[in-house]
Amino acid sequence: MLRHVTNRILGQALRVPATPNPAAVGGAGLPRMYHERVVDHYNHPRNVGSFEKNEEDVGTGLVGAPACGDVMKLQIKVDNGTGKIVDAVFKTFGCGSAIASSSVATEWVKGKQMEEVLNIKNTEIAKHLSLPPVKLHCSMLAEDAIKAAVKDYEAKRSKANGKH
Amino acid sequence: MWKKKLYASKPSSTILLRTTELAKIQSPNSVSHKNTPILNPLLQISASYSSSPPFVREIEGEFFATAGGLFFGGSRFHKKNVNLFVKKKNSFCSESQSAEKLQCWNCDATTDGTTPFLVCQACRSVQPVNHSIDYFQILGVERKFNIEVDELEGKYKDWQKKLHPDLVHSKSQREREYAAEQSARVIDAYRTLMDPLSRAIYILKLENVVVDEEERITDPELLAEILELREAVEDAEDTQALNQIKAQIQEKMQYWCNSFEDAFLNKKYDDALGSIQRITYYKSAKEELVKKL
């Protein structure tokens with residue numbers, strides 16, 4: 001059921017052979033479109049979902065790439081006491097690389113301190129997914145989303161602190 | 001008689017002229033012997049045109065002495081040299097095209113300038129692609145955003161009747177290449193102008209305003225709206241719901257197309273780019289929706 005839901009969420013945007021077999025491609029020089037990891041994140045998505053936006057321990061990052069029509073939402077749940085990110089979810093509408101980048105981002109931020117995740121670079125995400133040059137901006141989008149989520153949480157916190 | 005034969009074939013005539021000139025300089029009396037002094041200028045010429053040693057060797061063997069001048073074994077010469085000379089003429093041709101007077105490469109007729117110079121009106125040869133002719137000119141419509149798309153199909157087909165590759169099977173390799181490129185450009189023109197979004201992007205490009213492919217935005221209002229829209233498409237249960245959403249998207253696209261036109265006419269290119277962003281988002285939402293239908 002989860003798979004069905006996530007397939008609908010991901011909008012079947014990815015047109016790719018179900019099991020890209022590197023061995024079969026061989027010496028024909030056929031360009032493989034998506035790296036295995038990208039396909040993996042698409043077929044087995046992690047952390048798709050939504051937190052309640054107004055909860056005090058939730059930070060929401062909403063970013064977009066208008067030229068491709070991509071929109072990416074990344075949410076973090078933070079332990080107010082320690083400043084550690086205890087959970088993360090994402091929702092992305094766009095190409096497979098954008099979906100995979102945000103999926104990787106949610107995996108990487110979990111269990112880290114907020115200051116730490118600000119150091120996650122798009123180049124690391126791109127390398128992990130072997131993104132081609134034309135898709136590098138998708139990883140930039142994911143880096144932006146992480147930063148936006150942290151910024152949102154901190155803004156909420158300072159507002160809350162200001163009130164007391 | 002040999003002269004006639006030679007001048008009939010353009011490629012070798014040029015080399016012959018040069019060699020006779022040089023021969024006159026070198027040995028004014030007679031050229032009736034295979035002499036190295038005469039051979040040298042030939043070798044020099046051949047070296048400047050072709051770097052391949054086999055060619056040079058061939059020249060040595062092909063040397064004929066006649067009363068009037070030098071004569072090369074025509075056919076052998078042709079095969080090796082034809083392409084070189086064709087290329088030279090090519091470079092001449094494109095130069096004259098970039099200047100004001102457009103000239104047919106085949107019959108040298110100049111265009112009268114009334115129709116875009118894709119095909120010569122005199123000899124009907126397909127011309128090489130000239131990028132200074134933009135898509136609006138090719139399809140004979142005014143350079144504005146709100147064009148009559150119904151007119152485009154007829155004009156597009158008229159062009160294909162004149163320059164489609166299938167019509168030039170019996171023509172030269174050169175013309176076949178021109179036909180392939182020119183035909184592809186006309187297809188591009190048609191497709192770009194048919195779709196409002198690509199037309200908008202193209203018309204801005206002609207004003208040197210380029211859409212940044214990698215731009216990222218954080219506008220919360222716009223993004224939240226698009227997110228909601230995409231979620232609605234994803235959650236829609238039946239065809240009726242989908243068609244409702246589709247109608248909403250159409251409305252929005254129309255609104256933003258009008259907004260684009262206003263911005264464009266008033267040269268407010270930032271607003272124009274903003275409109276393009278929105279239209280792009282609605283278009284992707286619509287594409288996902290249509291997949292579900």
Side-chain angles (χ1 to χ4, degrees), chain A residues 4-15 48-50 53-54 60-75 89-95 97-99 101-102 122 126 131-152 155, chain B residues 195 197-198 200-202 204-205 209-238 241-242 245 249 252-253 256 260 270-293:
Chain A
H4 174 66
V5 166
T6 50
N7 266 342
R8 285 175 59 212
I9 286 175
L10 298 172
Q12 295 137 9
L14 190 59
R15 289 200 214 317
V48 176
S50 240
K53 193 172 174 174
N54 298 320
T60 305
L62 187 56
V63 295
C68 337
D70 287 353
V71 80
M72 191 185 282
K73 181 173 81 166
L74 191 147
Q75 289 176 305
V89 287
F90 81 96
K91 235 188 200 187
T92 297
F93 293 98
C95 68
S97 304
I99 293 167
S101 298
S102 40
N122 71 302
L131 294 183
V134 60
K135 292 292 183 182
L136 282 180
H137 66 282
C138 297
S139 59
M140 276 263 39
L141 204 60
E143 185 190 315
D144 285 356
I146 295 173
K147 293 191 157 83
V150 168
K151 190 172 166 189
D152 179 59
Chain B
D195 172 55
L197 178 60
S198 52
I201 294 174
Y202 181 73
L204 273 188
K205 184 177 152 195
V209 178
V210 182
V211 173
D212 183 359
E213 288 291 313
E214 311 202 336
E215 190 187 0
R216 302 175 313 273
I217 57 167
T218 50
D219 176 358
E221 242 181 75
L222 167 59
L223 291 173
E225 182 200 327
I226 300 301
L227 193 66
E228 237 183 85
L229 177 62
R230 295 296 294 261
E231 284 176 338
V233 169
E234 169 194 286
D235 293 337
E237 309 259 288
D238 53 35
L242 284 171
I245 303 175
I249 297 180
K252 294 218 169 109
M253 278 181 82
W256 286 101
F260 170 82
D270 282 339
D271 290 344
L273 284 172
S275 302
I276 284 186
Q277 283 181 358
R278 285 198 172 247
I279 300 172
T280 313
Y281 272 123
Y282 292 128
K283 194 175 175 201
S284 352
K286 187 174 165 195
E287 281 167 5
E288 282 307 312
L289 193 155
V290 166
K291 280 186 203 166
K292 280 186 83 172
L293 275 173

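Reminder, nothing fancy here: chain letters follow the sequence lines and each chain counts from 1.
Of all non-hydrogen atoms in A/Ala67 and B/Asp212, the two that sit nearest each other are CB-O, 3.6 Å. The heavy-atom pair separating B/Arg216 from A/His137 by the smallest distance is CD-O, 4.2 Å. For A/Leu62 against B/Leu223, the heavy-atom pair with the smallest separation is O-CD1, 3.4 Å.
The structure places CZ of B/Arg230 at 11.5 Å from NZ of A/Lys91, a figure rounded to the nearest 0.5 Å. Rounding to the nearest 0.5 angstrom, the gap separating the NZ atom in A/Lys151 from the OG1 atom in B/Thr218 is 7.0 Å.
Neither the backbone nor the side chain of B/Ala285 comes within contact range of chain A, judged by heavy atoms closer than 4.5 Å. Heavy atoms closer than 4.5 Å to chain B are found in both the backbone and the side chain of A/Met140. For A/Ala148, no part sits under 4.5 Å from any heavy atom of chain B, backbone or side chain. Both the backbone and the side chain of B/Glu231 come within contact range of chain A, each with at least one heavy atom under 4.5 Å from a heavy atom of that chain.
Chain B forms the most heavy-atom pairs under 4.5 Å with one residue out of A/Ala65, A/Cys138, A/Gly64, A/Gly69, and that residue is A/Gly64. With chain A as the partner, the residue from B/Leu227, B/Val211, B/Ile201 showing the most heavy-atom pairs under 4.5 Å is B/Leu227.
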Requested in this report: Please lay out, stage by stage, how B/Glu234 and A/Phe93 fare under the test side-chain contact (heavy atoms from CB on, under 4.5 Å).
Outcome: CA-CA 10 Å; B/Glu234 169 194 286; A/Phe93 293 98; 3.4 Å; yes
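Side chain of B/Tyr281 to backbone of A/Cys68: no donor-acceptor contact under 3.5 angstrom is found.
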